[in-house]
Asker: 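Following this message is one structure expressed as structure tokens.
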2 protein chains.
Amino acid sequence: MELFYSCDISDGLVRLDPDESGHCVRVLRHRAGDRISVIDGRGTLMQCALLDADPREATATVEERISGFGAHHYRLTMAVCPTKNADRYEWFAEKATEIGLDVLAPVIGERSERRVLKTDRLERLVRSAAKQSLKGAIPEVRQPVSVKEFILAAPEDAVKMICYCFDGEKRTVRQVLEEAALPDSSPEICILIGPEGDFSPEEAELAISRGFVPVTLGSSRLRTETAALVATTMVYCEF
Amino acid sequence: MELFYSCDISDGLVRLDPDESGHCVRVLRHRAGDRISVIDGRGTLMQCALLDADPREATATVEERISGFGAHHYRLTMAVCPTKNADRYEWFAEKATEIGLDVLAPVIGERSERRVLKTDRLERLVRSAAKQSLKGAIPEVRQPVSVKEFILAAPEDAVKMICYCFDGEKRTVRQVLEEAALPDSSPEICILIGPEGDFSPEEAELAISRGFVPVTLGSSRLRTETAALVATTMVYCEF
């Protein structure tokens, strides 16, 4: 099943952008009248009939809508510091999308070596990962902010966790989710993952003072992107 | 902490191979008398004093041995069909080593598109991943065998699972581990992950007849290498 993406949907008509149109018409050789499947990136799958097989702007009429297509039963925000090597961040973004992610929030820590991150490549990556793994929703990729800004803006009602390497009592992701009074419908979960050099004590203290629970990801020493994927998987396992 | 690897250890003397010697002496500029940390790849960390800083064959004397260094409390064999794209298999091998893996067994399914796999690159990858994540043990990388050969040779006493996409009742990895009567010390766990085209019904039936429990990895549609890493993480979470 091949999915296309469109953000240009109105009056039961879907327009594909030049990339998607080219892929649909030139690569897959779809012709007018063919049925194609289009996601709106917000959770809905549309079964469509191709109206105009224009390789630059293909249009299709919506015949059926399926909401919550490939959805998971939680809303997960992963706030992850950029890795020195951008590839490693990108594979985290791709894999986390496959497993189940709603918001990717790059955050810059006081000890982050990489302090800039281009998000356009990440947006393309999560879009194709969502299509490939048959999900109607494409994760939102935020613009980078500082760790402290992110902490201060984090939603009150979310279950918030911070993975860091300082000593001190920590819970597991499972314990935190089991102990939290989660709403029945898609609870908000937010996990903060630090840079190679870890969070600064100030960042960790601020997070804890704002309700982030310190969690451990077990005894293995994990790279930033592996820790982020393990945490994503731990949440996925609980739902 | 920088770890070196040596498989040439005798009479309290460690010899580093040319790669490790060059890295130790040329790159890190260690000199005779420096303390270096060497793993034997079988779980033991040795604190050593560099005796001869030869950039082709450095030798060191063992001063202290720490067994079970960075060890996890289970023995996991992941039997995974090669992915079309070799990179994806390699990152699974690297990430699984960081998280906790003991044996990587490439298996060729009846529906595998890729039917050959070079293991020398994988061996180098898991070695550096083990060093990087501070583990004394390096996962064993087996030579590829057919899925059926692997099933028939799988140890009787291991907790065995198969992830496949056919319909029918399935348990979660957690359920299987909770219900199994696991020995206290490092239980043997074995998980079979199929190719993009899934297992053949014959392969699945043979596995089940040999005690492999069908498991689900949840509702998301995962690529082969993502499924393998999710399963690896699910086991890691339970110990």
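Below, chain A is the first sequence line, B the second, and so on; all start at residue 1.
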Asker: When rounded to the nearest 0.5 angstrom, what is the spacing between CG in Leu229(A) and CD1 in Ile99(B)?
Answerer: 7.0 Å
Asker: State whether the number of non-hydrogen atoms from other residues, nucleotides or ligands found under 6.0 Å of Arg121(B) atom CZ is greater than 12.
Answerer: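 Not buried by this count: 12 neighbours or fewer within 6.0 Å.
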Asker: Starting at NZ of Lys95(A), measure out to OG1 of Thr226(B) and round the result to the nearest 0.5 Å.
Answerer: 3.0 Å
Asker: Donor-acceptor pair, Tyr236(A) side chain versus Val230(B) backbone, under 3.5 Å?
Answerer: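 A pair under 3.5 Å: no.
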Asker: Specify which of Lys135(B), Met234(B), Gln132(B), Glu225(B) makes the most heavy-atom pairs with chain A at under 4.5 Å.
Answerer: Gln132(B)
Asker: Considering non-hydrogen atoms only, spot the tightest contact between Arg221(B) and Leu134(A) and give its length.
Answerer: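 Result for this residue pair: CD-CD1, 3.5 Å.
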Asker: Under 6.0 Å from the CZ atom of Arg42(A), do we count more than 12 heavy atoms belonging to anything else shown?
Answerer: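 For Arg42(A), atom CZ is not crowded (no more than 12 foreign heavy atoms under 6.0 Å).
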Asker: Less than 4.5 Å to any heavy atom of chain B: does that hold for the side chain of Ser133(A), its backbone, both, or neither?
Answerer: both
Asker: Using non-hydrogen atoms only, which part of Arg223(B) is less than 4.5 Å away from chain A: side chain, backbone, both, or neither?
Answerer: both
Asker: Is there a side-chain contact (heavy atoms from CB on, under 4.5 Å) between Arg174(A) and Arg174(B) once you walk through the steps?
Answerer: CA-CA 12 Å; Arg174(A) 186 186 303 174; Arg174(B) 187 186 302 172; 3.3 Å; yes
Asker: Among His72(A), His73(A), Arg88(A), which has the most heavy-atom pairs under 4.5 Å with chain B?
Answerer: Arg88(A)
Asker: Give a yes or no on this: more than 12 heavy atoms of other residues, nucleotides or ligands lie within 6.0 Å of atom CD of Glu2(B).
Answerer: yes
